[in-house]
Amino acid sequence: MNKQIAQVVVGLPVDKPFDYKIDSAFLGNVKIGHRVIVPFQMKKIIGYVVGLKDKSSFSRLRSISKVLDSEPVISNALLELAVKFAERYCCSLGEAIEVFLPTNLKKTKKAVEISADSIFLREKQIDSARSVLICGKPIGQSWPNILKEINAAISKDNGVIVLVPENSKIHEIVNQLKKEIKKEICVLDKQLKGTEELKNWVKVKNGEASIVVGTRSSVFAPVRNLGLIVIINEDSFSYKQDQSPFYHARDVAFMRSKIQSCSVVVFSQTPTAEVFSLAQSKDIDLINLYPKDNLPVQIIDISNYKPRKNSLISIPLYYAIEKTLNERGKILLLMNKKGFSSFGICAKCQYVLKCPRCDVHLTYLFHSKEVVCRQCHYKKKRPEICPNCNSGYLNFSGQGIEKLESQVARIFPSARVSCYDTDTKNFKQNSDVVIATQAVLNFQNKIFDLTAVVQIDGELNRLDYRAAHKAFSLLLHLKNLTKKQMMIQTRLTENYCIQSLVNDDFLEFYNHELSLREEIGYPPFVHIAEIVVRSVKEDAALAQADMLYKSFVNCEFEDMEIFEPQPDRIARLRDQYRFVILIKAKKYEDINKIIKSAFKDTRRKSSTITTVNIDP
DNA sequence: AGCACGCCGACT
DNA sequence: GTCGGCGTGCTC
């Protein structure tokens, strides 16, 4: 006998499913994972069937209005993943499901033609699905190892998902794969046009393509017989979603691998400490390709070797540049600050130009003569007179690569000098001296005789617990681009990022980084929940944050640390005041429990919005 | 989330 | 008097 009641979740922050009657017309045609239209209050909305049963404790049941699509849009395995996802990232099951689906599916009430799973279902070969981290070398040299894993999956007739950090990288990877693989490759990306995204998704869902290449959301791709998920440049920040739910594609990949017993191949020259620790604890295999290359790395302590007055270039670096130029060599100078990065300050009253909507300085765009907010994209023409005292002139002094460029050009007038940052459109290949920001990560070839880090201390001194990894990654990448010699100007000569590089000791960095994180209590040893309360009204946001904090403290578990509300790093953003509460705990489950119970017994002040970001 | 219901303050 | 602000609770 067919079950007569469907449990339906909707894309709202409501935890429990709603029961609906299945009318005789649909009886037997409603399966778990089906998309349906249901009456909900005054409206008809899209919901997802997550369970079927015979009886409901609810007396006034309404009926499902329509069953959309020929088959369920969510498989049992992906539904199971959605449950885990909702728990880890503290959202409702309905919201989780909507994250998994193409944008168009949660809006269109048009049915989609999906072929039945059963045609394709077969016994997947479940051998020991070991996951592996491939690291130590750039992608070019690691590609054979990655390809080997992909081919192994394909030879077993399994599906593969290849995640890339940005959609600009999709083409490159697709072309690489096409050289070696005859199978149909499908691209998935939220940036695709809505219909295109849906079309490709349906193709994958129907088993017409078994290889998917795409950005972070492709980790949810409904690939048949999934055998492998590959993550390219795993340490890219792009794998973290920047809106609620703030998921991380790498973590979701590992969650999915447990459910579907598929492998995960993680690649990065410098993987995150989080993944490296998985390899160290033998949860995943490790292929460390790090080559000892005996390239000399020289540290220049700029507290001893003071550069000349106002100069960014120390005397030893000056001589090294001069020598290299004389030998007609190429030079790369790294300074992680964009050319126009500067702010306007009044010569008379010291007022600093600020964004009217955010608590940040406005940065000056040298070329367009505009001032812009990096946070909310507010912009206006550069004012000449101070808007505060209406009399002083505003000074805009550049501190970034453009300043360095002008200095180098002055010291070495015959050298061809050019700048490179993420905004550079036509880059001059034939320069003698290239001055670059972290955009050098785009360079792949060992073409520079001399490379030098002009400034890195800002990066090393950042409060963010991932700053050290980022600096190490940048330094190692620079080293790979170096033919003869590398120099680092710093005051932090004993810092382990720099020392590991000088000692040519890849493992030393990770061991040091992980022991620090364990000591201070950072991921992967504890998990962090960042709860942000925001509101146009400062007092409302603070009051709400205080109430939540008290409630958290009330239901505190063991092995947990709760930090009092404090203004966010950017205290006001887009006209909204922001307060942050941090919770540290060993287990995600405990974080979910405490947040659920605190939210339940704290009434939400209107005009405030609260978001939860796990491991921000 | 979105919407209705209901309870208090300052207005034609 | 009553219009509308926002706090509260519910959605099968």
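Both backbone and side-chain heavy atoms feed into the values below; hydrogens, waters and symmetry mates do not. Convention: sequence-line order gives letters A, B, ...; per-chain numbering from 1.
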Quick one: label [X] by what it contacts on the DNA or RNA (base, sugar-phosphate, nothing), any heavy atom closer than 4.0 Å.
X       : result
A/Leu12 : base
A/Lys21 : nothing
A/Tyr20 : sugar-phosphate

What's the [atom1]-[atom2] distance between [X] and [N], to the nearest Å?
X       : N     : atom1 : atom2 : answer
A/Phe40 : B/dA1 : CZ    : P     : 13 Å
A/Lys44 : B/dG2 : NZ    : C1'   : 19 Å
A/Ile46 : B/dA1 : CD1   : P     : 19 Å

For A/Arg35 and A/Thr108, the nearest pair of non-hydrogen atoms, with its separation, is NH1-O, 2.8 Å
Can I get a per-line list of side-chain donor-acceptor pairs under 3.5 Å for residues 21-32 of chain A, giving both atom names and the distance, sequence neighbours left out?
from    : atom 1 : to      : atom 2 : distance (Å)
A/Asp23 : OD1    : A/Ser63 : OG     : 3.0
A/Lys31 : NZ     : A/Glu71 : OE1    : 2.8
A/Lys31 : NZ     : A/Glu71 : OE2    : 3.3

Practice item. Give a yes or no on whether a salt bridge exists between A/Asp359 and A/Arg572, defined as a side-chain N under 4.0 angstrom from a carboxylate O. Key: no
*asked:* Do A/Thr103 and A/Glu197 pair up side chain to side chain, a donor and an acceptor below 3.5 Å, judged on atom types alone?
replied: yes
* To do: Taking heavy atoms of chain A and a 4.0 Å limit, find me the 5'-most and 3'-most nucleotide of DNA chain C within that range.
  =>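 Range of nucleotides within reach of chain A: C/dC6 to C/dC12.
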### Cationic tip of A/Lys593 above A/Tyr588 ring, under 6.0 Å, 45° of axis
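Relative to the ring axis of A/Tyr588, which defines the angle, A/Lys593 lies outside at least one limit.
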Output for pair (A/Cys555 SG, A/Asp601 CG), nearest 0.5 Å, gives 6.0 Å
